[in-house]
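Here is the structure we will look at, set down as structure tokens.
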Number of protein chains: 2
Amino acid sequence: MDTRTRLATLLDSLRDKGHRLTPQRVAIIRTLVEHDGHPTVEQLHQAILPDFPTTSLATVYKTIAMLKEDGEVLELGFGELGSRYDGKHPEPHPHLICTRCGAIADYSLQGLDELVARMAAETGFAVASHRFDMFGLCPACRATAPKPNTVAQSDADHATGQLPG
Amino acid sequence: MDTRTRLATLLDSLRDKGHRLTPQRVAIIRTLVEHDGHPTVEQLHQAILPDFPTTSLATVYKTIAMLKEDGEVLELGFGELGSRYDGKHPEPHPHLICTRCGAIADYSLQGLDELVARMAAETGFAVASHRFDMFGLCPACRATAPKPNTVAQSDADHATGQLPG
DNA sequence: TTCCGTGCAAAGAGTTTGCATCTGT
DNA sequence: ACAGATGCAAACTCTTTGCACGGAA
């Protein structure tokens with residue numbers, strides 16, 4: 001599903017559920033769906049301010065809360081990196097997080113769902129969702145890093161994109 | 001390694017690194033290592049208050065920060081469940097989290113490290129650590145739950161223990 | 001004796017909430 | 001018209017920090 005279809009489908013779905021499509025909401029959702037990374041609440045807010053200068057942070061939080069309830073956004077809470085959101089691919093999938101530049105790359109691992117199902121069967125848990133994240137240095141930071149183990153953090157954005165998987 | 005050995009080794013290691021072994025620290029660390037679950041900061045604090053009534057929350061946080069730096073405790077940050085700590089097995093391992101009663105069970109999945117290594121090789125990331133959590137209903141809550149999909153949260157403690165894995 | 005650790009209180013960040021106003025339907 | 005959304009500010013939780021006192025080594 002391409003971004004345009006995803007946006008239209010999402011908006012339809014929200015309308016069907018009785019949610020109102022205010023300009024602010026549409027702007028937030030559009031940004032979320034079109035964003036090629038894993039934006040923070042702050043980034044979403046900044047992105048729509050030019051179009052809707054009075055939009056408050058609270059509205060962004062409320063809109064995200066609504067989307068979360070409907071399962072239309074994946075929330076990635078990190079301790080220090082803050083919370084990031086993925087409105088493009090709301091289904092659980094592995095992430096690779098660079099502890100130096102903060103880049104977050106998606107990865108699709110075939111067979112993961114089966115693995116989760118197997119663990120569920122073995123333990124008796126009814127697994128509804130999961131989270132699989134890996135932390136380390138992205139290729140770019142690896143090349144630049146003084147020492148391969150040094151862990152720092154910055155806001156470099158040279159690798160905020162996706163990985164083929 | 002049994003709990004007793006783990007405690008002694010950890011204390012030795014801290015001493016070797018020049019940290020002072022105050023009674024409060026020893027109490028916090030002992031509780032952390034002996035705890036059969038994944039205690040919160042608050043729980044650790046409450047646990048040592050009977051022995052050291054003046055201990056502050058700040059000291060617990062500072063002690064945990066020290067242990068984290070030394071890699072002697074695994075921090076599990078959850079959005080709503082708060083942060084939990086594992087001082088028994090600080091190495092990354094999968095967890096099964098019950099979204100109804102809050103129970104957190106450990107699980108050891110053989111072959112996980114190889115899987116992570118494979119993903120690292122494919123993506124070029126230098127993976128230093130990872131996190132793999134599954135969310136759903138534990139066996140006990142499954143049996144009690146009105147509907148298998150209902151997700152609620154409480155502080156039931158009927159299943160805070162470990163799973164064989 | 002010397003720092004490091006402790007404990008209190010204040011500060012801080014991120015997120016949520018109450019409420020009056022506004023608006024999509 | 002009216003239920004629902006917005007925006008502002010206050011509140012809230014969890015965690016960190018500054019600083020003077022106290023205690024481990």
Side-chain angles (χ1 to χ4, degrees), chain A residues 11-32 38-46 48-70 72-73 75-85 102 153 155, chain B residues 11-32 38-46 48-70 72-73 75-85 102 153 155:
Chain A
L11 292 179
D12 281 347
S13 159
L14 292 179
R15 203 166 14 224
D16 288 349
K17 284 172 182 155
H19 297 300
R20 289 185 187 167
L21 296 188
T22 65
Q24 293 95 327
R25 277 192 179 168
V26 175
I28 294 166
I29 293 167
R30 166 186 285 278
T31 306
L32 198 47
H38 301 78
T40 63
V41 165
E42 198 60 55
Q43 285 172 336
L44 292 171
H45 187 220
Q46 291 299 323
I48 66 169
L49 274 187
D51 289 332
F52 304 93
T54 65
T55 308
S56 71
L57 219 31
T59 295
V60 182
Y61 277 111
K62 286 167 184 167
T63 300
I64 288 176
M66 175 191 69
L67 294 172
K68 273 198 286 181
E69 277 186 22
D70 293 350
E72 298 290 6
V73 70
E75 185 178 43
L76 300 172
F78 298 107
E80 25 183 63
L81 266 160
S83 285
R84 311 301 199 91
Y85 299 89
Q153 62 231 39
D155 270 319
Chain B
L11 293 179
D12 281 348
S13 160
L14 293 179
R15 202 165 16 222
D16 289 350
K17 284 171 183 157
H19 297 300
R20 289 186 188 167
L21 297 188
T22 65
Q24 294 95 327
R25 277 191 180 170
V26 175
I28 294 166
I29 293 167
R30 165 187 285 278
T31 307
L32 199 48
H38 302 78
T40 63
V41 165
E42 198 60 56
Q43 285 171 337
L44 292 172
H45 187 221
Q46 291 299 323
I48 65 170
L49 274 187
D51 289 333
F52 304 93
T54 65
T55 308
S56 71
L57 221 31
T59 294
V60 181
Y61 276 111
K62 284 167 184 167
T63 300
I64 288 176
M66 176 191 68
L67 294 172
K68 272 198 287 182
E69 276 186 22
D70 294 349
E72 298 290 5
V73 70
E75 186 178 42
L76 300 172
F78 298 106
E80 27 182 64
L81 265 159
S83 285
R84 310 302 198 90
Y85 299 89
Q153 63 233 37
D155 269 320

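All chains are named by letter (A, B, ...) in the order of the sequence lines, taking the proteins before the strands, and each is independently numbered beginning at 1.
Here the closest heavy-atom approach between residue B:Gly102 and residue B:Arg84 is recorded as O-NH2, 4.0 Å. Taking both residues in full, the closest heavy atoms of B:Leu49 and B:Thr55 are given as CD2-O, 3.8 Å, listed atom of the first, atom of the second, then distance. The minimum heavy-atom distance between B:His45 and B:Ser56, with the atom names listed, is NE2-C, 3.8 Å. In this structure, B:Arg20 and B:Arg25 approach most closely via the heavy-atom pair O-NH1, 2.9 Å.
A:Arg84 places its CZ atom 11 Å from the P atom of C:dT15, with the value rounded to the nearest Å. Remark: P of C:dC4 and CG of B:Leu14 are 16 Å apart, rounded to the nearest angstrom. If you take CZ of A:Phe78 and C1' of C:dG14, they are 16 Å apart, rounded to a whole angstrom. A:Ile28 places its CD1 atom 8 Å from the P atom of D:dG7, with the value rounded to the nearest Å. Per the geometry, NZ belonging to A:Lys17 stands 22 Å off P belonging to C:dG24, to the nearest Å. Following rounding to the nearest Å, A:Glu75 (CD) and C:dT16 (C1') show an atom-to-atom distance of 13 Å. If you take CG of A:Leu81 and C1' of C:dA13, they are 15 Å apart, rounded to a whole angstrom.
Looking only at side-chain heavy atoms (C-beta outward), A:His19 and A:Asp70 come within less than 4.5 Å of each other. Under the 4.5 Å side-chain criterion, counting only non-hydrogen atoms from C-beta, B:Leu14 is in contact with B:Leu67.
Near-neighbour residues of DNA chain C inside residues 50-68 of chain B, defined by a heavy atom below 4.0 Å, number-ordered: B:Thr54, B:Thr55, B:Ser56, B:Ala58, B:Thr59, B:Lys62.
Contact annotation: A:Ser83 reaches the phosphate of C:dT15 (side-chain N/O to OP1 or OP2, under 4.0 Å). One finds no side-chain N or O of A:Gln24 lying less than 4.0 angstrom from the OP1 or OP2 phosphate oxygen of C:dT23.
Axis orientation changes by 40° from one end of the helix from C:dT1-D:dA25 to C:dT25-D:dA1 to the other, with each end axis drawn from 5 pairs and the value rounded to 10°.
Considering B:Thr54, B:Ile28, B:Ile48 in turn, B:Ile28 is the only one that fulfils the side chain to side chain contact (heavy atoms under 4.5 Å, CB included) rule with B:Thr59.
Between the side chain of A:Arg15 and the backbone N or O of A:Leu21 there is no donor-acceptor pair closer than 3.5 Å.
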Kindly give the atom pairs (protein nitrogen or oxygen, nucleotide nitrogen or oxygen) under 3.5 Å for nucleotides 21-25 of chain D.
| from | atom 1 | to | atom 2 | distance (Å) |
| --- | --- | --- | --- | --- |
| D:dG23 | N2 | B:Arg20 | NH1 | 2.6 |
| D:dA25 | OP1 | B:Leu21 | N | 3.4 |

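For A:Gln24, the side chain to side chain donor-acceptor pair (under 3.5 Å) test picks out no residue, with sequence neighbours left out. Taking the side-chain contact (heavy atoms from CB on, under 4.5 Å) definition, one finds that A:Val41 meets it with A:Leu57, A:Val60, A:Tyr61, A:Ile64, A:Tyr85, sequence neighbours left out. Under the side chain to side chain donor-acceptor pair (under 3.5 Å) criterion, B:Ser83 pairs with no residue at all, not counting sequence neighbours.
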